[in-house]
Amino acid sequence: MNNFSYLRPATLDDALRALGDGERRDVLAGGTTMVDLMKLGVVDPEGLVDITGIASLEDYELGDERLRFGALARMSDVGDDDTLAARCPALTESLWKAASVQLRHAARLGGNILQRTRCPYFRDPLYACNKREPGSGCAALDGGTTDLHAILGGSDSCVAMYPGDWAQALIAFDAVVEIASAAGTRRIDFADLHVLPGDTPQIETALEAGEIVTAIEVTVSAAMKGSHYLKARDRESYAFANASAAVGVALDGDTVSEVRIALGGVASVPWRARAAEDFLMDGPLDETRAREAGRIALSDANPLEGSAYKIELGASVVAGALMTALERAQQEG
């Protein structure tokens, strides 16, 4: 690790000024990923701007019509909130299953959604990686191990998987991201925050230089109480998903009046399965239809040899999540 400058501003304005003063600086928010990448030599900023001292970004609000999460709210605080668990189980379950207890106490929500891929070739400078070094090639596509790689949203340049959990619940419920810069504040749909790899896998988000995510907002919807996050992984303790699903269901009698389905562990970005949602809308939901929805959700998969197992696993995870969500929706009815 090379020498770098370190700043810990107390206000958002000070942080934005620090990011815009000409030095090549990265934002530090919890540090559970950034520090690792610096130690591995994958990233090499000239300086870090530690925003964890900005108290105004730590709060979160659970309103009747809107949920608002400050970017520096701790994963542990939000994940352990009983009120949120009752109102939207998928949001808390995806935080609980995202990391160990120790990491949840350190990690912040804004940093969590911006975490980098866990592709082993990205994290090892000895291997070719277009995301780490554009134009160098992709070791995964060139005969490498691919059991944890994406089967949706990949390209001829990169098949790295987005590793997060909470992001799946956010994209399922149409979250919006608030972003600040020296020029002011803008808001974008969470679905537009992460960028498909295409020919430029080194560009991972829609954030511009000098911008900081300050908050995440979710509009309350009928499908929140009948929601569930299901994660299949190699071990039950802290591990990244082989396949996961964040779903929500609302019913009008026996008919699906609202449904949300998002996939994790299988795609290069947080992935919304809209075709599967369309299949279920305005019809009944039972195990047969849940399994068909799972099949539809993975129907566009383009796996490599090592990741082909994710098609069947992902479909089963979607179906299982839907059946739990259905049970919760029925209890609400």
Is there a donor-acceptor pair under 3.5 Å between the side chain of [X] and the backbone N or O of [Y]?
X	Y	value
Arg87	Leu62	yes
Arg260	Ala172	yes
Asn130	Cys158	no
Ser244	Ala241	no
Glu277	Ile261	yes
Arg291	Ala319	no
Lys131	Gln202	no
Asp189	Asp192	no
Gln115	Asn112	yes

Can a side-chain donor-acceptor contact be found between [Y] and [X] if the only test is distance below 3.5 angstrom?
X	Y	value
Arg295	Ser316	no
Asp77	Tyr60	no
Ser94	Gln168	no
Asp165	Trp96	no
Thr214	Glu178	yes
Thr11	Asp14	yes
Asp50	Thr52	yes

Handout entry: Pairs involving residues 182-221, ordered by first then second residue, that meet ring pair (Phe, Tyr, Trp, His ring centres under 6.0 Å) (sequence neighbours left out)
Key = Tyr162-His194, Phe190-His194
Salt bridge check: are [X] and [Y] linked by an N-O gap of less than 4.0 Å?
X	Y	result
Arg186	Glu211	yes
Glu204	Arg116	yes
Glu61	Arg68	no
Arg104	Asp80	no

Handout entry: With Tyr127 via side-chain hydrogen bond (donor to acceptor under 3.5 Å, both in side chains) - residues at least two apart
Key =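 Partners of Tyr127 by the side-chain hydrogen bond (donor to acceptor under 3.5 Å, both in side chains) criterion come out as none, since no residue qualifies.
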Handout entry: pair Leu84-Leu67: side-chain heavy atoms closer than 4.5 Å
Key =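 Result yes, sub-4.5 Å side-chain heavy-atom pair found.
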Problem - Side chain to side chain, Met34 and Val43, heavy atoms closer than 4.5 Å - result: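 In contact.
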Exercise for the section: Assess whether atom CG of Asp124 is packed by more than 12 heavy atoms of other residues, nucleotides or ligands within 6.0 Å. Expected result: yes
Fill in the blank from the handout: Value for OG (Ser155) from CG (Asp199), rounded to nearest 0.5 Å, stands at 6.5 Å
Completion exercise
When rounded to the nearest 0.5 Å, the distance separating CG of Asp286 from CE of Met323 is 7.0 Å
Exercise for the section: Dump the intermediate steps for side chain to side chain donor-acceptor pair (under 3.5 Å) on Glu46 and Ser5, then the final yes or no. Expected result: CA-CA 6 Å; Glu46 295 175 354; Ser5 65; over 6 Å; no
Practice task
Might you point out which heavy atoms bring Val318 and Leu263 nearest each other, and give the distance in Å?
Solution key: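 Smallest interatomic distance, heavy atoms only, reads CG2-CD2, 3.4 Å.
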